[in-house]
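Accompanying notes for the structure given below.
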Amino acid sequence: MRTAAQAQSASGSRPAPDHAKPLSFAAIFHPSAAVDSDRASLMVIHNRTKVAKRSMRSTDILGLRIHCSSRKESRVSEWVFESEFERNLFALRQEKLEAIAALGQSRYPNHYRATHTIFAVRAQWNEVSGEALNGTPEQPAPRVEISVAGRIMAIRAQGKAGFATLQQGGERLQIYVRQDAVGEAGYALYKLLDMGDHVGVTGYLFRTRTGELTIHVESLTFLAKAMLALPEKYHGLSDVELRYRQRYVDLFANLDSREVFVKRAKILRAIRRFFDSRDYLEVETPMMQPIAGGAAARPFVTHHNALDLDLYLRIAPELYLKRLVVGGLDRVYEINRNFRNEGVSTQHNPEFTMLEFYQAYANYHDLMDLTEELIAQVAQEVNGTTVVEFNGHTIDMAQWQRLTMAEAVRRAVPGADLHDGKALYALFEQHVEHTLIQPTLIYDYPTEVSPLSKAKPDDPAHVERFEFFIGGFEIGNAFSELNDPVEQRRRFEQQLAAREAGDDEAHQMDEDYVRALSYGLPPTGGEGIGIDRLTMLLTGSRSIRDVILFPLLRPEKHNDAQSGEATA
RNA sequence: GAGCUCGUAGCUCAGUCGGUAGAGCAACGCACUUUUAAUGCGUGGGUCCUGGGUUCGAUUCCCAGCGAGCUCACCA
């Protein structure tokens, strides 16, 4: 209901109401969608006294109801505004916007041309002294004229002058606005500004008596208004649910949060550089697949209407990437989303980002070397060091340990039976995995637990497979790929039997994949690395939701509609 | 899916041994031309998550629901 209304108003096609209705968000945001007198009535809410405000809640103004607090009659507003406080604030800011327009400023200007980003200003003048910038009364320094734009994150007015802090590009810079420099209209504009507003300023750089680099503003341009209140300026937004649901607020209110996603982008860039420089080809394979293969997991199902075809969101790109190697793309990698219809936790999100790469003529030993190099190099590029702090541990992403699974289990569980593959793997998961804080490669997995891996030539009980662990959880999984089509078909048939026995995570038969292998897959090594988890490590984030911009949450329910039905 | 914890102003948090609530920031008004969590004085703002129960009375106690966090299980 909410989304439909918003979509309609956003498209501008919503017809004007044919009779007076409670003032809606759409009406405020798209004045053309509201009758003119709706706007006029907004203007009335000015200089309210307590008495005036109270009476306004239940009184018609100009024959139109404002409904400041009549929640049940104003459902659309109810969806948008959290409270009467917000509703009033929005209306008040709307008036300020009109007052700003009356000063000759555009309400929502189309552009602003700054000469510098705040980052650039800091880069160039952060170390320049106050003497050099300000000069002396006898010998003033030549002025550094610049203009920057940003969001107001702090504002302090003091009579006929004031300071504000602009934030842009994750950096902050103070501005100083005084009436005798910007004029009466300019200062009137300054006084109409609120925390969260966007402005552009032109002026010259100086340092205050406390030494802070500041723009002495000579021209102030209004750019956009914040119609809602910002989070508390000292603590920021700390409610984790709000941070995830309203990431747009989290990102500008908590610069640490922003930094995580900047780093995430750097990680992706570093990975691409790493593989590009080794002649890997970046590819994109289907996210919607008729058969969800390449991993053991429950898929999401969707439907293509025109083809009347059920499709699965992919649980892995693996089988398509190996088809490409059959096709002669010897080195391929893909960084993209996988979808698994399973639980959520601090380490699991239903959609997550996976790097997978395949290299013809390589085996798992080659991939071990490549992995250690990749992780160390990415850490170095992103953090400038290979050492990270994670969950109270100091981890060096360049110091690796390699152990066979049998050896790892033997150390943790003396006297354990190392010959039963499934039991060995269970012991590993139970006793070893969470202890692998420092980067560790575990190799030579039991064949029983590795259906897609190639057996060791001299030891059919083990396969050429490794996983690697950092911070106590798995980051990647790699093996020499099974490329015998007869063996592959046999394993699919085993999976099919398991599926019929009720295992809905067992692989489906993929005839076309077997056919691809039948054309000849060269000996190939392949690996998958969880990008979200790697990002957690490199940013010190303890939850996967802290490294995913919009993690999956249950939609918020608005209680008056829901609870009414529930109790009926 | 199970267990534990949490839900009070826009935000960050107190508090009520059961008698319908407070602070700081934010907002509004006034003062203030080098402040920076500006300051001073004043004002407004709350279905204390929702529903039910116990009670003279529930934001507080009990039950259920919704949402979130953590841990465990499955999984990467």
Side-chain angles (χ1 to χ4, degrees), chain A residues 46-51 53-54 68-69 71-72 81-90 92-93 130 134 153-165 172 174-181 187 194-196 206-212 214 216 226 228-246 249 253 295-298 315-316 338 340-350 352-356 429 467 469 473-477 505 528-534 542-545 553-560 562-564 566-568:
Chain A
H46 201 44
N47 292 333
R48 293 154 303 162
T49 63
K50 184 171 158 185
V51 176
K53 201 157 86 182
R54 290 252 163 87
C68 283
S69 65
R71 293 166 184 241
K72 286 189 178 148
F81 296 117
E82 299 277 315
S83 64
E84 183 184 341
F85 172 89
E86 287 202 343
R87 196 191 319 272
N88 290 338
L89 187 65
F90 199 102
L92 191 72
R93 297 272 165 104
N134 302 353
M153 294 304 287
I155 187 161
R156 301 175 287 279
Q158 304 169 45
K160 293 185 170 56
F163 291 91
T165 302
R172 293 183 168 197
Q174 181 170 264
I175 63 170
Y176 180 49
V177 182
R178 42 192 292 172
Q179 182 170 291
D180 56 16
Y187 201 71
D194 293 294
M195 297 240 294
F206 77 111
R207 281 192 188 276
T208 63
R209 65 170 60 141
T210 56
E212 174 138 358
T214 304
H216 195 291
L228 296 172
L230 264 52
E232 214 256 3
K233 67 181 167 189
Y234 187 61
H235 297 93
L237 190 65
S238 63
D239 182 307
V240 290
E241 183 179 353
L242 274 181
R243 289 185 46 228
Y244 299 151
R245 288 195 194 280
Q246 302 188 26
V249 177
R298 241 169 304 166
I315 56 176
N338 287 352
R340 298 191 183 175
N341 204 340
E342 286 162 2
V344 298
S345 78
T346 49
Q347 284 162 40
H348 301 85
N349 195 62
F352 63 101
T353 301
M354 182 89 120
L355 159 69
E356 283 206 14
E429 290 193 313
E467 293 186 317
F469 302 83
F473 50 79
E474 183 190 341
I475 304 293
N477 180 20
E505 290 192 1
I529 294 179
I531 296 301
D532 310 281
R533 290 182 176 182
L534 182 61
R542 289 168 59 181
S543 170
I544 197 169
R545 294 176 172 184
L553 299 178
R554 278 201 174 81
E556 277 183 296
K557 286 185 178 167
H558 289 266
N559 45 42
D560 48 2
Q562 306 294 331
S563 59
T567 56

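In what follows, every chain begins at residue 1, and chains take the letters A, B, ... in the order their sequences are listed.
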[atom1] of [X] versus [atom2] of [N]: gap in Å, rounded?
X: A/Phe90; N: B/C28; atom1: CZ; atom2: P; value: 15 Å
X: A/Asn341; N: B/G1; atom1: CG; atom2: P; value: 12 Å
X: A/Met153; N: B/U35; atom1: CE; atom2: C1'; value: 18 Å
X: A/Gln347; N: B/C74; atom1: CD; atom2: P; value: 13 Å
X: A/Arg207; N: B/U34; atom1: CZ; atom2: C1'; value: 14 Å
X: A/Ile175; N: B/U34; atom1: CD1; atom2: C1'; value: 14 Å

Q. For RNA chain B, whose closest nucleotide is more 5', that of A/Glu474 or that of A/Gly159?
A.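 Result: A/Gly159.
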Q: Take A/Ala157 and A/Ala164, find for each the nucleotide of RNA chain B with the closest heavy atom, and name the residue whose nucleotide sits nearer the 5' end.
A: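 By nearest-heavy-atom nucleotide position, the 5'-most residue is A/Ala164.
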Determine the Euclidean distance between corresponding [atom1] atoms of [M] and [N]; express it in Å to zero decimal places.
N: B/A73; M: B/U59; atom1: P; value: 40 Å
N: B/U16; M: B/U60; atom1: P; value: 14 Å
N: B/C6; M: B/C13; atom1: C1'; value: 14 Å
N: B/A26; M: B/A9; atom1: C1'; value: 11 Å
N: B/C11; M: B/A37; atom1: C1'; value: 14 Å

hbond_proxy [X] side chain to [N] base (donor-acceptor, 3.5 Å cutoff):
X: A/Asp239; N: B/U12; answer: no
X: A/Arg209; N: B/U34; answer: no
X: A/Gln158; N: B/U34; answer: no

Q | Main-chain N/O of A/Ile315 paired with A/Arg340 side-chain donor or acceptor, under 3.5 Å | A |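 Side chain of A/Arg340 to backbone of A/Ile315, a donor-acceptor pair under 3.5 Å: yes, one is there.
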When you get a sec, tell me which of [options] is the closest nucleotide to the side chain of [X]?
X: A/Glu342; options: B/U33, B/U35, B/C74; answer: B/C74
X: A/Leu92; options: B/C28, B/U71, B/U33; answer: B/C28
X: A/Ala161; options: B/C70, B/C28, B/U33; answer: B/U33
X: A/Thr214; options: B/U35, B/C74, B/A27; answer: B/U35
X: A/Asp194; options: B/A27, B/C11, B/U33; answer: B/A27
X: A/Arg554; options: B/A68, B/U33, B/U12; answer: B/A68
X: A/Ser238; options: B/C28, B/U33, B/C13; answer: B/C13

Looking at residues at least two apart in the chain, or sitting in another chain, which of them share a side chain to side chain contact (heavy atoms under 4.5 Å, CB included) with [X]?
X: A/Thr346; answer: A/Ser543
X: A/Phe85; answer: A/Ser83, A/Leu89, A/Ala229
X: A/Glu232; answer: A/Tyr234, A/His235
X: A/Gln174; answer: A/Arg156, A/Phe163, A/Thr208, A/Glu212, A/Thr214

Should [N] form a Watson-Crick or G-U wobble pair with both distances under 3.5 Å, which nucleotide is its partner?
N: B/G57; answer: none
N: B/A14; answer: none
N: B/G67; answer: B/C6

Check nucleotides 3-10 of chain B for protein N or O atoms closer than 3.5 Å to its own N or O atoms and list the pairs.
unit_1, atom_1, unit_2, atom_2, d
B/G10, OP1, A/Ser83, OG, 3.1

Q: Quick one: list whatever passes side chain to side chain donor-acceptor pair (under 3.5 Å) with A/Glu429, sequence neighbours left out.
A: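 If we apply the side chain to side chain donor-acceptor pair (under 3.5 Å) test to A/Glu429, skipping adjacent residues, the hits are A/Tyr425.
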Just checking [X]: base, sugar-phosphate only, or nothing, at a heavy-atom cut-off of under 4.0 Å?
X: A/Glu241; answer: sugar-phosphate
X: A/Ile529; answer: nothing
X: A/Gly236; answer: sugar-phosphate
X: A/Thr165; answer: nothing

